[in-house]
Amino acid sequence: MLVCGIANEHSIAYGCAKAFHELGADLAITYLNEKSKGYVEPLARQLQAPLFLPLDVSQPGRARGRVRSDRASSGAQLDVLVHSIAWAPKDDLQGGLLNCSAEGFAKAMDVSCHSFIRMARLAAPLMKNGGTHVRR
């Protein structure tokens, strides 16, 4: 199971990962950057995730390289992809909906929504016996 989007112990993604861990799933957990790593790494250890990987879906090609190199090369199968990634520029979040910039809105939609489609495309070939893509 690949879980993307854990920010802290209050994240929906963390709740999903914890529930699947309790059911015996092997987890691969991603984190955004070095700053977020400090918050997510203790949770990944607690969930005994054998894979703990950086992933910034806003960087072209990063997801492709991450999914292919870390999962496919090991011959592992992926059964579930949990995409719980959401982001928007700070100025657009604080300025209210009517003041949101077109650029900020487009970036938020790319990171929060379209990255799910990109990740699903990459994950599908690893789901050899079928699988599930979840957007939370």
Side-chain angles (χ1 to χ4, degrees):
M1 170 178 206
L2 176 59
V3 181
C4 305
I6 295 176
N8 56 48
E9 69 276 6
H10 304 292
S11 300
I12 292 171
Y14 174 70
C16 293
K18 185 176 176 188
F20 277 103
H21 172 70
E22 290 169 359
L23 293 170
D26 290 326
L27 303 172
I29 294 174
T30 67
Y31 60 94
L32 175 61
N33 53 32
E34 286 303 310
K35 181 179 177 183
S36 67
K37 183 179 182 179
Y39 296 98
V40 183
E41 190 168 25
L43 302 174
R45 277 197 305 269
Q46 177 187 0
L47 297 172
Q48 302 170 341
L51 290 174
F52 181 62
L53 314 161
L55 176 64
D56 182 348
V57 297
S58 71
Q59 300 295 317
R62 290 282 168 92
R64 176 184 317 277
R66 180 60 60 215
V67 171
R68 287 190 177 158
S69 67
D70 293 317
R71 298 297 288 170
S73 66
S74 68
Q77 178 175 318
L78 183 62
D79 297 310
V80 178
L81 164 65
V82 175
H83 179 287
S84 189
I85 300 170
W87 180 86
K90 185 176 180 180
D91 290 343
D92 291 309
L93 283 173
Q94 294 178 340
L97 178 64
L98 298 180
N99 296 318
C100 180
S101 69
E103 297 81 18
F105 182 82
K107 185 71 171 175
M109 289 298 102
D110 181 65
V111 171
S112 304
C113 299
H114 195 262
S115 67
F116 171 67
I117 296 168
R118 295 191 303 269
M119 292 292 296
R121 253 187 233 131
L122 295 170
L126 300 175
M127 295 179 167
K128 299 173 182 139
N129 296 318
T132 301
H133 300 89
V134 179
R135 168 72 182 110
R136 296 301 318 145

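Everything numeric in this text was worked out from a predicted model, so none of it was measured. Reckoned from all heavy atoms, side chains included, excluding hydrogens, waters and symmetry mates.
Between Lys37 atom NZ and Thr30 atom OG1 the span is 13.0 Å, to the nearest 0.5 Å. Atom CG of residue Asn129 and atom CG of residue Asp79 lie 7.5 Å apart, to the nearest 0.5 angstrom. In this structure, Lys18 NZ and Glu9 CD are separated by 10.0 Å, a value rounded to the nearest 0.5 Å. Atoms SG and NE2, on Cys16 and His21 in that order, are 14.5 Å from each other to the nearest 0.5 Å. In this structure, the separation between CD on Gln59 and CG on Leu32 is 9.5 Å, given to the nearest 0.5 Å.
The cluster map of Ile, Leu, Val, Met, Phe, Trp and Tyr, joined by side-chain heavy atoms under 4.5 Å apart, puts Ile6 and Met1 in the same cluster. Residues Met119 and Leu78 fall within the same hydrophobic cluster, defined by Ile, Leu, Val, Met, Phe, Trp and Tyr side chains chained together at heavy-atom separations under 4.5 Å.
Judged purely by atom type and a 3.5 angstrom limit, Asp92 uses its side chain to pair as donor or acceptor with the backbone of Ser101. With hydrogens and angles disregarded, a donor-acceptor distance shorter than 3.5 Å links the side chain of Ser112 to the backbone of Trp87. With hydrogens and angles ignored, the 3.5 Å screen pairs no side-chain donor or acceptor of Arg135 with any backbone N or O of Ile117.
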Audit row: His133, Phe116, side chain to side chain contact (heavy atoms under 4.5 Å, CB included) steps and yes/no: CA-CA 9 Å; His133 300 89; Phe116 171 67; 3.7 Å; yes

Passes side chain to side chain contact (heavy atoms under 4.5 Å, CB included), Ile29 versus Arg45? Steps please. CA-CA 10 Å; Ile29 294 174; Arg45 277 197 305 269; over 6 Å; no

Set out, in order, the CA-CA distance, both residues' side-chain angles and the distance that settles side chain to side chain contact (heavy atoms under 4.5 Å, CB included) for Leu81 and Cys4, then state yes or no. CA-CA 8 Å; Leu81 164 65; Cys4 305; 4.2 Å; yes

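Environment of OH in Tyr39: sparse, with no more than 12 heavy atoms of neighbouring residues, nucleotides or ligands closer than 6.0 Å.
Ala108 approaches Ala88 most closely through the heavy-atom pair CB-CB, 3.8 Å. Here the closest heavy-atom approach between residue Val80 and residue Val82 is recorded as CG1-CG2, 3.9 Å. Listed here is the closest heavy atom pair of Pro125 and Leu122: CD-O, 3.3 Å.
The side-chain heavy atoms of Phe20 and Leu47, taken from C-beta on, include no pair separated by under 4.5 Å. The shortest distance between side-chain heavy atoms of Lys107 and Ser58 falls below 4.5 Å.
Under the side chain to side chain contact (heavy atoms under 4.5 Å, CB included) test applied with Tyr31, the options Leu43, Leu55, Val40 reduce to a single match, Val40.
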